[in-house]
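Working notes for the structure below.
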Amino acid sequence: MKPPKNAGELERKLWLEIDKNNIPSHVAIIMDGNGRWAKKRGLSRIKGHKAGVKAIENALDTVLDLKIKVITVYAFSTENWIRPKEEVSVLMTLLFQFLKLQKKKLMEKDIKLSIIGDRSRLPDFVNREIDKVLEETKDNKSLIFNIALNYGGRAEILKAVKDLIEEGVKPEEVDENLFSSRLYTKNIPDPDLLIRTSGEIRVSNFLLWQIAYSELYFTEVLWPDFDTIEMLKAIVEYQKRERRFGGTGGV
Ligand code: FPP
């Protein structure tokens with residue numbers, strides 16, 4: 001792909017390596033390592049999360065340039081409530097501020113917000129802002145920015161099962177399409193690429209159903225350091241993989 005004018009040497013090289021005909025439609029990211037990033041610098045974990053928000057803003061610009069259609073970020077898991085109360089409250093406030101401050105940019109850049117997860121436990125002030133931005137950006141088309149909030153893959157699967165039972169659907173009527181249509185991600189294609197930062201090699205209850213055939217990319221880089229160059233490296237690596245979806249790839 002053509003590098004942007006202001007790109008440095010390494011970034012240029014990576015852009016030129018990327019095949020515009022093999023761009024993943026949906027990239028999902030487990031943004032890990034904010035705390036360690038801060039600790040390394042003698043800063044508070046909160047400063048780490050603030051730097052993490054900057055990395056999200058940068059990632060949105062990069063995926064737009066790459067013409068990726070959906071980006072999902074794991075911002076808060078069903079397990080994250082056990083973190084110290086103060087940290088939970090900071091994460092909620094950062095999310096609120098992000099939505100409030102970025103609303104204009106989301107409109108200018110034609111980005112549609114989407115949320116997956118159980119919103120019922122989120123604070124009211126966050127839910128109110130989410131509703132505003134969902135409504136305002138609902139017709140935007142260039143990119144879906146999907147935030148996983150109070151999200152857990154197992155909880156999502158259980159909810160789908162319960163919903164189907166409650167609807168009285170017969171066992172023989174249940175197939176993968178029907179099941180997928182009861183997941184939070186019903187309007188979103190499965191991720192082609194799942195990225196996890198900070199050197200942890202696990203999926204941590206993220207999009208368990210949806211990543212059945214996703215390419216997995218793990219990097220040691222901590223989330224606040226995951227810049228455009230790191231995103232481009234992940235895409236270059238993705239393009240080297242041969243996706244067979246359970247087939248033989250012709251061999
Ligand atoms: C992982 O780092 C990061 C999180 C659990 C939260 C990510 C949230 C944000 C960046 C801010 C709010 C979100 C949005 C969408 C504006 P960690 O704390 O697990 O790091 P550690 O493993 O190094 O301790």
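Read the numbers this way: they start at 1 and go in the same order the structure lists the ligands and their atoms.
Every atom of ligand 1 is numbered from 1 in the order shown, and the set under 4.0 Å from a heavy atom of R36 is 21 (P), 22 (O), 23 (O). If you number the atoms of ligand 1 from 1 as listed, the ones under 4.0 Å from a heavy atom of M31 come out as 1 (C), 2 (O), 3 (C), 7 (C). The contact set between ligand 1 and G35, taken as ligand atoms under 4.0 Å from a residue heavy atom, comprises 17 (P), 18 (O), 20 (O), 21 (P), 23 (O), 24 (O). Interface of R45 with ligand 1, defined as ligand atoms under 4.0 Å from a residue heavy atom, comprises 17 (P), 18 (O), 24 (O). Residue contact check: H49 has heavy atoms under 4.0 Å from atoms 10 (C), 18 (O) of ligand 1. For ligand 1, the atoms lying closer than 4.0 Å to a non-hydrogen atom of D32 are 1 (C), 2 (O), 17 (P), 19 (O), 20 (O), 22 (O).
For atom 6 (C) of ligand 1, the nearest non-hydrogen atom of the protein is A75 O, 3.4 Å. For atom 11 (C) of ligand 1, the closest non-hydrogen atom on the protein side is V53 CG2, 3.7 Å. Protein heavy atom nearest atom 19 (O) of ligand 1, with residue, atom name and distance: R83 NH2, 2.9 Å.
A side chain to side chain donor-acceptor pair (under 3.5 Å) with E237 holds for exactly one of Q239, K240, R241; it is R241.
A distance of 7.5 Å separates CD1 of I195 from CH2 of W223, quoted to the nearest 0.5 Å.
Residues S142 and L64 approach most closely at CB-CD2, 4.0 Å, considering heavy atoms. For the residue pair L222 and R36, the shortest heavy atom distance occurs at CD1-C, 4.1 Å. For the pair A59 and I71, the tightest heavy-atom approach, listed with the atom from each and the gap, is CB-CD1, 4.3 Å.
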* Assess whether side-chain hydrogen bond (donor to acceptor under 3.5 Å, both in side chains) is satisfied between N150 and W81, documenting all intermediate values. => CA-CA 8 Å; N150 193 22; W81 297 106; 2.9 Å; yes

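Contacts with ligand 1 closer than 4.0 Å are made by side-chain heavy atoms of I56 only, the backbone lying farther away. Contact annotation: for Q102 versus ligand 1, there are no heavy atoms closer than 4.0 Å.
The number of heavy-atom neighbours closer than 6.0 Å to CZ of F125, taken from other residues, nucleotides and ligands shown, is above 12. Heavy atoms from other residues, nucleotides or ligands lying under 6.0 Å from CD1 of I82 number 12 at most.
In this structure, E200 falls outside the shell of residues with a heavy atom less than 4.0 angstrom from ligand 1.
F145 and I68 fall within a single hydrophobic cluster, where Ile, Leu, Val, Met, Phe, Trp and Tyr side chains are chained together by heavy-atom contacts under 4.5 Å.
For the residues N34, V90, L94, L149, the heavy atom positioned nearest atom 2 (O) of ligand 1 is part of N34.
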